[in-house]
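Okay, so here's the structure we're looking at.
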2 protein chains.
Amino acid sequence: MNHMVHQSPLDEAFAALSDPTRRGILTQLGDGPATVGELAQPAGITVTGMAKHVRVLENAGLVVTEKIGRTRQCRLGAERLDDAMAWISFYQRLWERRLDGLDAYFTLQKGHEK
Amino acid sequence: MNHMVHQSPLDEAFAALSDPTRRGILTQLGDGPATVGELAQPAGITVTGMAKHVRVLENAGLVVTEKIGRTRQCRLGAERLDDAMAWISFYQRLWERRLDGLDAYFTLQKGHEK
DNA sequence: ACTTTGATGAACCATGTGGTTCACTATTGC
DNA sequence: GCAATAGTGAACCACATGGTTCATCAAAGT
């Protein structure tokens, strides 16, 4: 599972969020930090598999980890999440503008149709 | 490029958003509806390739299309976008709660450390 | 010192993804 | 009716992804 050739940080953030297992990890971390093993168990996958997911989340900027002794503590990180949120908000503005445009169009039609 | 075995609508929405070409499509559609060909040209890919992207966006609920004569008009659709936004918001609440928790923890430590 | 435990790395596998080309269908314009 | 145009479908390609197993390393526990 490699660094991948993503151009924008948004690529990594959205890609990371597109996997249900990874969203589950984030949800679990919402209840507090956890080690890789503690994340793997409820997810029902191997520790090796979980380590990969954690790495994906980490270089998407959604999770921060720290190696403590032989365990690795994972906790939420939120920088990139804000980026994703910002992009979606921007897109919603576009969408609303579109709707307004349509609205104006229909209003115009109504005016003309009598 | 197939339907893919995504479990949740969120999977499809986030996966669709993780591709820069597809985010570009959404941005372009923010300026008004466009045909597949009109989307393909600025993106610098073939019409066939663009048709696939449009299909991905469509069954992610982010775009709505309508075949008019021999062209296919694409416009923004936003149902799933709200889902994505809602999920991110929820996650941000978790994150803030975490921060509050840490804050409380440090405050507690400070109280104990005298 | 030895054993257990948590995590990592490498190799592997099946399937998905983003793109292409080529052949085809269906609409439009003359 | 015929030629040009817009899009679709199938086959293909290189590479990414999500998962596994097995071997290894490093920290703890006894």
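Chain letters run A, B, ... following the sequence lines, proteins first, then strands; residues in each count from 1.
In this structure, B:Arg22 reaches the C:dG18 phosphate: one of its side-chain N or O atoms is under 4.0 Å from OP1 or OP2. For B:Thr35 and D:dG7, the shortest distance from a side-chain N or O to OP1 or OP2 is below 4.0 Å. Contact between the side-chain N/O atoms of A:Arg55 and the OP1/OP2 oxygens of C:dG9 is found at a separation under 4.0 Å.
We find that CD1 of B:Ile68 is positioned 11 Å from P of D:dG7, with the value rounded to whole Å. If you measure from atom CG of B:Leu39 to atom C1' of D:dT8, you get 16 Å, rounded to the nearest angstrom. If you measure from atom CD1 of B:Ile25 to atom P of C:dG18, you get 11 Å, rounded to the nearest angstrom. As a whole-Å value, the separation of B:Asp19 CG from D:dA16 C1' is 13 Å. Rounded to an integer number of Å, the gap from CE of A:Met50 to C1' of D:dT21 is 18 Å. We find that CD of A:Glu66 is positioned 15 Å from P of D:dA27, with the value rounded to whole Å. Atom NE2 in B:His53 sits roughly 16 Å away from atom P in D:dG7 (whole-Å rounding). If you measure from atom CD of B:Gln73 to atom C1' of D:dG7, you get 13 Å, rounded to the nearest angstrom.
Shortest non-hydrogen contact noted between A:Gln73 and A:Ile68 is CG-CD1, 3.5 Å. Closest of all the heavy-atom pairs between A:Asn59 and A:Glu12 is O-OE1, 2.6 Å. Closest of all the heavy-atom pairs between B:Met50 and B:Ile45 is N-CD1, 3.6 Å. Smallest separation of non-hydrogen atoms from A:Phe14 and B:Leu17: CD1-O, 3.4 Å.
Heavy-atom distances to DNA chain D give each of A:Thr21 and B:Arg70 a nearest nucleotide, and the one nearer the 5′ end belongs to B:Arg70. Take the nearest nucleotide of DNA chain D for A:Ile45 and for B:Gly37: the residue whose nucleotide is more 5' is B:Gly37.
Nearest nucleotide to the A:Thr46 side chain, out of C:dT8, D:dT20, D:dG18: D:dT20. Of the candidate nucleotides C:dT20, D:dG7, C:dA7, C:dT20 has the atom lying nearest to any side-chain atom of B:Lys52. Checking C:dG9, D:dG7, C:dA7 against every side-chain atom of B:Thr71, the shortest atom distance belongs to D:dG7. Nearest nucleotide to the A:Thr48 side chain, out of C:dA10, D:dG9, D:dG7: C:dA10. The listed nucleotides are C:dA7, D:dG18, C:dG19; the one nearest the side chain of A:Lys67 is C:dA7.
If you chain together hydrophobic residues whose side chains sit under 4.5 Å apart, B:Trp87 and A:Trp87 fall into the same group.
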